Amino acid sequence: MARSRGSGSLVLPAVTGSEDLVNAIIDRIADGVLVDGDTIPSSRVLAQQTGLSRGTVVRAFDELAAAGFVSAEHGSGTKVSAGATQAARAGARTRGRGVPQTRGVVAPRRGRSRRDLRPGVPDATLVDDQAWRRAVRAAASAGLSGLNPWDEPSPALQAALAVHLRRHRGLSAAEPLLFDSSRSSIAALCWAFSTSRSDGRTPSQIQFHIEDPGYRGALLMAREQGLDVRFHPADPDGMDASRLGDEPGIVFITPAHQYPLGHRMSVDRRVALVEWARRTGSLIVEDDYDGEFRYGVAPLPALATLPGGREHVAYVGTSSKSVSPDLRVAWCLPPGELTRDVQRWLAVHRRGPSALPADALAEFITSGAMDRHLARAARVYSDRRSKLVAALAEACPDLEVTGVEAGLHLCVLLSDYDDESVVAALEATGWRTRSLSSQSAERRVSGLVLNYARLTGRDAVEFAHTLEEVLVRHRPRKPPSMPPTPAS
């Protein structure tokens with residue numbers, strides 16, 4: 001059965017005591033069999049089903065209620081509490097022992113297979129499971145703060161991020177605002193910039209500049225706000241400010257590791273872009289989605305740290321690549337004059353992170369576990385990238401790999417192929433990839449976007465040879481040569 005809405009039975013594994021029953025019910029909540037608001041079968045029904053005494057089942061209910069997973073409503077039975085699903089999926093439990101080692105936010109989302117190379121998901125198994133569980137328990141043991149999460153979402157994480165961003169990205173005096181995703185922060189920034197205009201411009205008169213191919217999420221948010229989207233061909237040196245004109249607008253960039261081509265914006269282009277924003281009164285949205293992973297590439301300063309940057313650059317970051325997308329925690333450092341409007345957007349739309357994963361991430365950072373994790377993950381990802389590049393060079397030596405050695409993905413250009421056909425052919429062999437053309441708007445670029453975060457060396461060789469076979473089958477046919485024209 002999918003869910004328990006009434007007083008019927010609930011599918012559970014064999015249990016031998018109240019602790020087993022507690023963990024089994026939390027597992028059902030984490031798996032989505034039970035969701036917030038569902039009614040749990042009565043203690044009498046569960047006692048009959050499990051063979052436990054009714055008193056044992058009642059003790060389990062009491063433990064679940066004390067931890068906030070369920071609540072008893074007079075005349076309505078026992079129901080799954082609001083927020084219990086998020087807490088269970090984040091790894092929260094009622095006690096430290098008896099927790100299944102495979103449970104928690106550090107599991108790869110939706111059980112992606114190792115043959116799924118679509119970008120966006122890190123190798124969550126690299127996260128120290130014990131360190132993360134300690135962080136979750138510390139956050140859960142703090143109990144209810146009494147704060148309105150929409151007014152003050154996790155002050156602990158805001159403080160921890162301020163230190164983390166100063167140490168890792170050079171952003172001093174950072175006061176990050178918290179979101180549930182980078183897309184939400186981009187939407188808030190677009191709205192805030194449009195609202196703050198004193199020149200009477202409507203959203204449709206405000207230009208939103210984005211690279212092509214580029215991050216589709218930002219494009220969707222700009223179009224949702226009704227902005228005038230302008231596409232610029234992705235350049236290896238980054239966005240060229242000389243092509244942006246003199247009207248105030250919004251520029252979206254991923255300068256540390258351009259998505260999806262992987263280029264890094266040059267220092268000259270960074271300085272010129274900030275100067276353009278200062279001169280025109282524009283906003284730069286700097287999405288540093290995987291800037292913590294660089295392999296033998298010297299770090300360049302975030303645009304927000306350049307002279308004039310803090311007045312015109314909004315810095316956006318996320319835990320999706322560093323830890324896991326399941327956390328749904330992102331942050332934004334808007335320019336000072338937009339902060340109040342961004343906060344207003346957050347208050348209206350309520351798109352901040354849930355308290356438990358945010359507080360757990362704060363503990364993970366302040367305990368030093370995050371630094372250890374990033375160092376370990378960078379070593380592993382660097383090795384996996386090198387193995388994939390080497391395997392591609394051996395099996396498909398004519399293909400071009402783009403971008404600097406950073407992040408969790410790379411691009412392979414397929415200029416003479418229909419990349420959607422290649423993607424479909426690879427999927428037929430069990431390999432899932434993403435086409436580069438699907439990330440393009442006006443300027444179609446053919447290629448593959450490959451996530452190597454969970455790709456072992458042996459798998460990299462297998463994938464490269466499979467790609468070689470697919471490309472041989474899909475090689476474009478050359479037109480027949482024409483016979484020479486006889487001389488007159």
Side-chain angles (χ1 to χ4, degrees), residues 122 127-128 131-132 135 138-139 152-182 185-186 188-189 253-257 264-265 267 270-271 273-274 277-278 283-295 297-324 327 329-340 342-343 346 352-353 357-378 406-407:
V127 177
D128 185 328
W132 177 248
E152 299 182 74
S154 189
L157 180 56
Q158 289 177 310
L161 280 173
V163 176
H164 181 79
L165 293 173
R166 175 178 57 80
R167 293 178 57 240
H168 287 269
R169 303 302 287 136
L171 294 163
S172 59
E175 296 182 4
L177 302 180
L178 302 181
F179 291 82
D180 62 0
S181 67
S182 60
S185 66
I186 294 166
L189 289 164
I253 53 171
T254 49
H257 191 224
R264 184 171 66 156
M265 193 175 189
V267 173
R270 292 172 187 239
V271 172
L273 186 60
V274 172
R278 186 199 62 76
L283 170 67
I284 301 169
V285 180
E286 177 181 10
D287 187 355
D288 198 23
Y289 67 101
D290 65 2
E292 289 157 319
F293 296 123
R294 296 177 300 272
Y295 323 123
V297 179
L300 289 179
L303 272 73
T305 66
L306 298 177
R310 289 298 292 125
E311 292 76 31
H312 296 280
V313 178
Y315 179 90
V316 174
T318 175
S319 63
S320 292
K321 306 301 181 292
S322 57
V323 183
S324 171
L327 279 180
V329 176
W331 48 89
C332 172
L333 277 64
E337 66 177 17
L338 294 184
T339 299
R340 187 178 297 275
V342 173
Q343 290 172 327
L346 268 172
D359 288 346
L361 182 59
E363 176 66 23
F364 195 66
I365 293 172
T366 56
S367 69
M370 176 66 96
D371 285 346
R372 293 190 295 273
H373 164 66
L374 292 176
R376 177 194 179 197

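Since the structure is predicted, the reported quantities are computational estimates derived from the model, not experimental observations. Each residue takes its place number in the sequence, starting with 1.
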Hey, could you give me the [atom1]/[atom2] distance between [X] and [Y], rounded to the nearest 0.5 Å?
{"X": "Ser172", "Y": "Arg310", "atom1": "OG", "atom2": "CZ", "answer": "8.0 Å"}
{"X": "Glu311", "Y": "Glu337", "atom1": "CD", "atom2": "CD", "answer": "9.0 Å"}
{"X": "Leu333", "Y": "Leu171", "atom1": "CG", "atom2": "CG", "answer": "6.0 Å"}
{"X": "Thr366", "Y": "His164", "atom1": "OG1", "atom2": "NE2", "answer": "12.0 Å"}
{"X": "Leu327", "Y": "Asp180", "atom1": "CG", "atom2": "CG", "answer": "12.0 Å"}
{"X": "Ser185", "Y": "Leu189", "atom1": "OG", "atom2": "CG", "answer": "6.0 Å"}

State, to 0.1 Å, how close [X] and [Y] come at their nearest heavy-atom pair, and which atoms those are.
{"X": "Val274", "Y": "Gly308", "answer": "CG1-C, 3.9 Å"}
{"X": "Ala314", "Y": "Pro334", "answer": "CB-CA, 4.1 Å"}
{"X": "Arg270", "Y": "Leu303", "answer": "CG-CD1, 3.7 Å"}
{"X": "Ala256", "Y": "Gly291", "answer": "CB-CA, 4.3 Å"}
{"X": "Ile365", "Y": "Ala160", "answer": "CG2-O, 3.9 Å"}
{"X": "Leu273", "Y": "Ile253", "answer": "CD2-CD1, 3.6 Å"}

Are side-chain N/O atoms of Thr254 and Asp287 paired as donor and acceptor at under 3.5 Å?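 Asp287 and Thr254 do not have a side-chain donor-acceptor pair below 3.5 Å.
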Can you name the residues that form a side-chain contact (heavy atoms from CB on, under 4.5 Å) with His312, not counting sequence neighbours?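 side-chain contact (heavy atoms from CB on, under 4.5 Å) list for His312, sorted by chain: Ala277, Arg278.
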By side-chain contact (heavy atoms from CB on, under 4.5 Å) - contacts of Ser322 (at least two apart):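 Partners of Ser322 under the side-chain contact (heavy atoms from CB on, under 4.5 Å) test: Glu292, Ser319, Met370, Leu374.
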Give me the ring orientation class for Trp132 and Phe364: parallel if the planes are under 30° apart, tilted from 30 to 60°, perpendicular past 60°.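 It falls in the perpendicular class, over 60°.
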Report the residues that fulfil side-chain hydrogen bond (donor to acceptor under 3.5 Å, both in side chains) with [X], sequence neighbours left out, ordered by chain and then residue number.
{"X": "His168", "answer": "Asp371"}
{"X": "Thr305", "answer": "none"}
{"X": "Arg169", "answer": "Asp288"}

State which residues pass ring-ring contact (aromatic ring centres under 6.0 Å, His included) with Tyr315; sequence neighbours excluded, sorted by chain then number.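 For Tyr315, no residue satisfies ring-ring contact (aromatic ring centres under 6.0 Å, His included) once neighbours in sequence are set aside.
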Chi angles and distances behind the side-chain contact (heavy atoms from CB on, under 4.5 Å) call for Val342, Phe179: CA-CA 11 Å; Val342 173; Phe179 291 82; 3.6 Å; yes
Checking side-chain contact (heavy atoms from CB on, under 4.5 Å) for the pair Ser320/Tyr289: CA distance, chi angles, key distance, verdict? CA-CA 8 Å; Ser320 292; Tyr289 67 101; over 6 Å; no
Can you check whether Met265 reaches Leu300 side chain to side chain, under 4.5 Å on heavy atoms?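 Counting from C-beta outward, Met265 and Leu300 never come under 4.5 Å.
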Is the shortest side-chain heavy-atom distance between Ser181 and Thr318 below 4.5 Å?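 SC-SC contact between Ser181 and Thr318 ruled out.
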Quick one: does Glu286's side chain have a donor or acceptor within less than 3.5 Å of a partner on Ala302's backbone?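 A pair under 3.5 Å: no.
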Show your working on side-chain contact (heavy atoms from CB on, under 4.5 Å) between Val163 and Arg166 and close with a plain yes or no. CA-CA 5 Å; Val163 176; Arg166 175 178 57 80; 3.8 Å; yes
Check against side-chain contact (heavy atoms from CB on, under 4.5 Å), Leu161 and Leu178: CA-CA 10 Å; Leu161 280 173; Leu178 302 181; 3.7 Å; yes
